[in-house]
Amino acid sequence: MSERTEISTLGEFGLIDHLTKNIELQNVSSIVGVGDDAAVIDHFGKQTVITTDMLVEGVHFDLMYTPLRHLGYKSIVVNLSDIYAMNATPTQVTISIALSNKFSVEALDEFYEGVYAACTKYGVDLIGGDTTSSQKGFVISVTALGEISPGKYVKRSTAQKGDLLCVSGDLGAAFLGLTFLEREKNIFLENPQVQPDLEGEKYVIGRILKPEARKDIVEFFEKSALQPTAMMDVSDGLSSEVLHICRQSNLGCVVYEDKIPVHEDTRNAAFKFKLDPTACALSGGEDYELVFTVSQADYEKLVLNEQISVIGYMTEPEKGKKIITKGGNTFDITAQGWNAFS
Ligand code: ADP
Ligand code: MG
């Protein structure tokens with residue numbers, strides 16, 4: 001792209017108008033969207049779920065290998081994942097951005113292309129936000145709202161002893177995608193002539209750059225009249241999330257290593273880096289899968305969905321939080337998940 005329009009040619013209000021002028025509200029609950037002092041939403045007797053997340057350049061993303069379009073998409077998706085993790089349906093988002101003058105209008109257009117692609121895919125309305133400048137770096141804050149029938153929300157703290165511990169999809173891929181991108185970045189910084197060698201790593205790189213939220217799983221729960229007893233999304237790594245559910249529900253658990261779902265491409269990628277695929281699934285973050293517990297009585301319903309793996313079960317707290325390895329050894333589960341301050 002050769003064109004570059006300075007944001008100053010539009011000004012703040014011109015920019016907001018430029019970025020939001022094509023919005024067509026899709027949800028009846030979106031009463032007033034962009035263009036006033038605040039948005040108005042009506043959830044018609046449903047309960048509202050709200051979540052917010054901030055992404056900071058250099059901490060959560062690196063623009064050297066993150067296309068802006070993907071970043072826009074991901075900024076929305078990671079918030080929707082938190083709404084689904086409550087067993088709710090996302091309906092609206094707001095997005096606030098702080099940018100330095102290194103960004104052009106064209107760059108922001110790319111970012112918003114991703115934002116709108118995610119909004120369309122997940123059926124949510126962009127109803128507002130804020131735009132300001134930053135001296136250095138790009139900061140993105142998204143708030144997502146969702147609706148749910150009264151009392152149907154699922155917390156982390158309500159798992160029961162004997163419940164099955166389950167995860168959706170597969171784990172560890174995003175961490176390996178990031179590992180590849182970081183390696184290629186370092187090679188490039190040392191020798192800019194070398195072309196990135198990412199052939200064959202499409203799956204794991206796609207999982208870090210363009211994650212999806214598990215809308216399908218929450219729809220499956222609804223369709224099957226299956227109410228999980230506890231749930232959260234996997235943003236920091238499976239072990240960290242399982243420990244959260246155990247701690248907040250005051251329970252222990254047993255996880256079987258051989259039941260943890262890992263994609264074949266993830267396994268191959270791990271071997272290239274001499275990493276243990278299970279360790280990547282346990283400690284790598286950003287998979288945005290759902291980890292949840294269900295009553296044993298719901299097992300028959302559960303097995304109908306191939307996207308769900310039963311990885312273990314909940315125990316009394318005295319039994320501790322254990323993983324049984326493929327070799328039959330038992331270890332304590334420890335959290336080595338991603339941490340913004342480590
Ligand atoms: P105020 O001064 O009342 O905060 P703004 O001028 O910041 O109003 O925003 C005007 C309208 O544009 C509001 O509806 C706001 O939610 C929306 N808006 C501002 N920035 C963005 C953005 N980056 N993306 C989407 N909507 C935005
Ligand atoms: Mg404002």
Side-chain angles (χ1 to χ4, degrees), residues 1 3-43 48-63 66-83 88-147 209-211 213:
M1 208 187 300
E3 223 177 307
R4 178 183 167 94
T5 311
E6 295 300 331
I7 287 172
S8 55
T9 62
L10 294 179
E12 183 188 333
F13 300 127
L15 177 67
I16 295 170
D17 182 54
H18 173 81
L19 294 175
T20 60
K21 62 177 184 285
N22 292 325
I23 293 177
E24 284 175 27
L25 299 175
Q26 316 169 61
N27 290 286
V28 283
S29 52
S30 305
I31 310 288
V32 176
V34 168
D36 218 305
D37 296 310
V40 178
I41 59 172
D42 189 338
H43 276 153
T48 302
V49 175
I50 305 178
T51 179
T52 191
D53 246 311
M54 188 138 78
L55 296 172
V56 178
E57 183 179 349
V59 179
H60 302 98
F61 59 91
D62 187 330
L63 288 177
T66 311
L68 281 166
R69 201 173 185 289
H70 291 65
L71 183 61
Y73 192 87
K74 182 169 176 172
S75 308
I76 299 298
V77 164
V78 301
N79 279 274
L80 303 186
S81 178
D82 280 322
I83 299 284
T89 304
T91 43
Q92 286 87 13
V93 288
T94 66
I95 180 159
S96 300
I97 49 179
L99 14 108
S100 65
N101 58 10
K102 84 175 175 195
F103 288 92
S104 63
V105 173
E106 287 76 16
L108 273 183
D109 279 340
E110 258 184 69
F111 178 78
Y112 266 75
E113 252 180 58
V115 166
Y116 286 123
C119 288
T120 302
K121 170 146 190 186
Y122 291 91
V124 301
D125 292 321
L126 177 61
I127 54 159
D130 200 18
T131 307
T132 188
S133 55
S134 91
Q135 291 205 322
K136 202 168 155 278
F138 189 21
V139 180
I140 307 153
S141 171
V142 173
T143 296
L145 296 107
E147 61 180 35
L209 290 183
K210 191 172 176 286

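Numbers here are sequence positions counted from 1. Counting starts at 1 for both ligands and their atoms, in listed order.
Smallest separation of non-hydrogen atoms from I83 and A144: CD1-O, 3.6 Å.
Checked against a 6.0 Å centroid threshold, the rings of F103 and F111 do not count as neighbours.
Each of the atoms 22 (C), 23 (N), 24 (N) of ligand 1 lies under 4.0 Å from some heavy atom of I95. Close contacts of ligand 1 with D37, meaning ligand atoms under 4.0 Å from a residue heavy atom, involve 3 (O). Per-residue contacts place G128 under 4.0 angstrom from the following atoms of ligand 1 (heavy atoms of the residue considered): 16 (O), 25 (C), 26 (N), 27 (C).
In this comparison of T20, V142, I16, the heavy atom closest to atom 5 (P) of ligand 1 sits on I16. Nearest-heavy-atom check against atom 11 (C) of ligand 1 across S96, G35, G129, A38 picks out G35.
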Evaluation steps, side chain to side chain contact (heavy atoms under 4.5 Å, CB included), between I7 and N101: CA-CA 8 Å; I7 287 172; N101 58 10; over 6 Å; no
S96 vs S141, side-chain hydrogen bond (donor to acceptor under 3.5 Å, both in side chains): CA-CA, chis, key distance, verdict: CA-CA 5 Å; S96 300; S141 171; 5.2 Å; no
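With a heavy-atom cut-off of 4.0 Å, L19 does not touch ligand 1 at all. The proximity of T131 to ligand 1, defined as any non-hydrogen pair under 4.0 Å, involves the side chain as well as the backbone. Using a 4.0 Å cut-off between heavy atoms, F111 makes no contact with ligand 1 at all.
Atom CD of residue E113 and atom CG of residue L108 lie 12.0 Å apart, to the nearest 0.5 angstrom.
The side chain to side chain donor-acceptor pair (under 3.5 Å) test with T48 is passed by exactly one of E147, H43, Q92: H43.
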